Amino acid sequence: MFESIDAKKKQARKVVTRLRKHYPVAECALHHETPFQLLAATILSAQCTDERVNSVTPILFEKFPDAEALAAGTQAQVEKIVKSLGFFRAKATNLRGMAQRVVEVYDGELPRTLEELITLPGVGRKTANVLLGTAYGIASGVVVDTHVRRISNLLGLTESQNPDIIERDLMAVLPKKEWITYSHRLIHHGRQICIARRPKCTECPLLKICPRVGLDPLE
DNA sequence: ATCCCGAGGG
DNA sequence: CCCTCTGGAT
């Protein structure tokens, strides 16, 4: 679509400008009080909307506010609380395993490097990048979730379907300063306008720079 | 490539 | 019914 890296950078600048104008606030929608709670909420957000995560985390964090508490929770207790989110056995296992490793290896204090974070159960690059960027202001990479993947493909910023390659491509065309905000704004855009099943193209602030326009009539 | 897994929308 | 939702581990 955009053959050269320079063409992609030019497109990326247009995207960033329009996103910033249309979505002035770029914030994480997952409710949390501490970095630990943000990490737990992000683990729970796999294949599930933020609203649904926010509907269970008040109960989860009331009972298990920190790593020590969660590490001591039973599998049945945690499964019961996160059941409605799907993948509940894996998520409960990962939450407890994450908390236990944080207590045992890191003395209850979350590590602040991507390399260490992804050794925690249930934590991959996407989750680690959310935590580092949102809680600590560290731009370790670009958060690539289902929305970022879909829309970055649509906009011609990458042709890959592989999250690691997509992240590399986006890091190459986006200013580092925008890595965090790009993801937050694109996720919001993906939920409100560029919805996977039925995109609201007539309301889209990116319409003029979306290569999809003219190819496939969507109303 | 496949599994995990529930809820909501069209 | 089918698709999608802020993925990660095997």
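Protein chains get the first letters and strands the later ones, always in sequence-line order, with residue 1 at the start of each. If you're wondering where the values come from, they're calculated on a predicted model, not measured in any experiment.
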Length of the [atom1]-[atom2] vector between [X] and [N], whole Å:
X	N	atom1	atom2	value
A/E51	C/dC5	CD	P	13 Å
A/I43	C/dA9	CD1	P	9 Å
A/L44	B/dA7	CG	P	15 Å
A/L114	C/dG7	CG	P	17 Å
A/K126	C/dC5	NZ	C1'	11 Å
A/R197	B/dG10	CZ	P	8 Å
A/L39	C/dG8	CG	C1'	13 Å
A/R198	B/dG8	CZ	C1'	17 Å

For the side chain of A/T49, starting at C-beta, report the closest nucleotide among C/dT6, C/dG7, B/dC5.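 Side chain of A/T49 sits closest to C/dT6.
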Among B/dG6, C/dT6, C/dT4, the one nearest A/A196 by side-chain distance: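 Nearest to the side chain of A/A196 among the choices is C/dT4.
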Between [X] and [N], does any side-chain N or O lie under 4.0 Å from OP1 or OP2?
X	N	value
A/R191	C/dT6	yes
A/H184	C/dT6	no
A/T127	C/dG7	no

Quote, to the nearest angstrom, the P distance that separates C/dG8 from B/dA7.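 One P to the other, the span is 22 Å.
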Whole-Å P distance, B/dG10 and C/dT6: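 About 15 Å, rounded to a whole number of Å.
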Can you work out whether A/P121 or A/E27 has the more 5'-proximal nearest nucleotide on DNA chain C?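 Residue closer to the 5' terminus by nearest nucleotide: A/E27.
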How is [X] classified with respect to the nucleic acid when contacts are heavy atoms under 4.0 Å: base, sugar-phosphate, or nothing?
X	answer
A/K91	nothing
A/R149	nothing
A/L120	sugar-phosphate
A/V123	sugar-phosphate
A/R52	base

Roughly how far, to the nearest 0.5 Å, is the OG1 atom of A/T119 from the CE atom of A/M98?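 Reported value, rounded in 0.5 Å steps: 11.5 Å.
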Verify stack between A/F87 ring and B/dC4 base, 5.5 Å, 30 degrees: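 It does: the ring sits over the base of B/dC4.
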Indicate whether any N or O donor in one side chain lies under 3.5 Å from an N or O acceptor in the other, for A/T93 and A/Q75.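 Judged by distance alone, the side chains do pair up.
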Salt bridge between A/R96 and A/E79, side-chain N to carboxylate O under 4.0 Å?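 Judged by the 4.0 Å cut-off on N to carboxylate O distance, A/R96 and A/E79 do not form a salt bridge.
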Between A/E51 and A/R191, does at least one N-O distance fall below 4.0 Å, as a salt bridge requires?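 A/R191 and A/E51: salt-bridged.
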Inspect the surroundings of CD in A/E62 and state if more than 12 heavy atoms from other residues, nucleotides or ligands are less than 6.0 Å away.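 No.
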Can you tell which of A/H184, A/R185, A/H189 makes a side-chain hydrogen bond (donor to acceptor under 3.5 Å, both in side chains) with A/Y23?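 Testing each of A/H184, A/R185, A/H189 against A/Y23, the sole residue satisfying side-chain hydrogen bond (donor to acceptor under 3.5 Å, both in side chains) is A/H189.
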